[in-house]
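Values below: every heavy atom of this structure, side chains too, minus hydrogens, waters and symmetry copies. Here, residue 1 is the first one in the sequence, and each next residue gets the next number.
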Amino acid sequence: MEEISHKGKVVDMTPATTVVEIVSSSACSECHAKALCGLSENVTKTVEVPTSPLATYAPGDEVEVCLKATMGLKAVWVSYVIPLILLLAVLLSMNKAGLGELAAGLSGIGAVAVYYLVIYLLRNRLRNEYVFYIK
């Protein structure tokens, strides 16, 4: 598995970027009983892809948007694994230092909030690292 790909529809094109709309479906959205249970969901996401100078697609065309699998794994680490490790490290160290459970818990949550704030402030830099392309 070298890349992660999703089918989508071109919504808008400029010389610099192409906006592709991807509909993510839950696993049960294909079930024959989805109308009865109400748990199925479809979420629409938009992705900005750099426009290729050789692009032959136009708004309304079906395309396949791809990302290297290693970038997907890196995104999981940045968004889930590192904050979990940070939360546990701060929580356990504050508890070991003698703070009460409430103060240790709030410290852990505060550390994760600061982490996500830093990620938010670095969003333009991260956007340049995670480059999608159209296949």
Tyr133-Met13 co-clustered via ILVMFWY side chain contacts under 4.5 Å |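 No, no single cluster joins them.
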Can you tell me if CZ on Arg125 sees more than 12 non-hydrogen neighbours from other groups inside 6.0 Å?
->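 Not more than 12 within 6.0 Å, no.
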Would you tabulate the side-chain donor-acceptor contacts of residues 80-105 under 3.5 Å, counting partners in other chains and residues two or more places apart, or write 'none'?
| unit_1 | atom_1 | unit_2 | atom_2 | d |
| --- | --- | --- | --- | --- |
| Ser93 | OG | Ala89 | O | 2.8 |
| Ser93 | OG | Val90 | O | 3.1 |

Test item: [X] and [Y] side chains (from C-beta on) under 4.5 Å apart, heavy atoms:
{"X": "Leu126", "Y": "Ile119", "result": "yes"}
{"X": "Val47", "Y": "Ile22", "result": "yes"}
{"X": "Val20", "Y": "Val63", "result": "yes"}

Smallest separation among heavy atoms of Val65 and Phe132, with atom names =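 Between these two residues, the closest heavy atoms are CG1-CD2, 3.6 Å.
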Return each pair, listed once, that meets salt bridge (Lys or Arg N to Asp or Glu O under 4.0 Å) where at least one residue sits in residues 69-94; pairs must be two or more places apart or across chains.
->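 Qualifying pairs, neighbours excluded: Lys74-Glu129.
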Please, which pairs that meet salt bridge (Lys or Arg N to Asp or Glu O under 4.0 Å) have at least one residue in residues 48-59, sequence neighbours excluded?
->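 Listed by first then second residue: nothing to list.
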Side chains of residues 54-61: which donor-acceptor pairs under 3.5 Å do they make with residues two or more places apart or in other chains?
| unit_1 | atom_1 | unit_2 | atom_2 | d |
| --- | --- | --- | --- | --- |
| Asp61 | OD2 | Ala58 | N | 2.8 |

Side chain to side chain donor-acceptor pair (under 3.5 Å): pairs with one or both residues in residues 13-23, sequence neighbours excluded =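 Those involving residues 13-23 are Thr14-Thr17, Thr18-Thr51.
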Pairs where residues 62-71 contributes a residue and the test side chain to side chain donor-acceptor pair (under 3.5 Å) is met, not counting sequence neighbours =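 Found Ser5-Glu64.
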Members besides Tyr120 in its Ile/Leu/Val/Met/Phe/Trp/Tyr cluster (side-chain heavy atoms under 4.5 Å) |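 Listed partners: Leu117, Leu121.
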With a cut-off of 3.5 Å and sequence neighbours excluded, list every side-chain donor-acceptor pair involving residues 109-116.
| unit_1 | atom_1 | unit_2 | atom_2 | d |
| --- | --- | --- | --- | --- |
| Tyr115 | OH | Val78 | O | 2.7 |
| Tyr116 | OH | Ser79 | O | 2.5 |

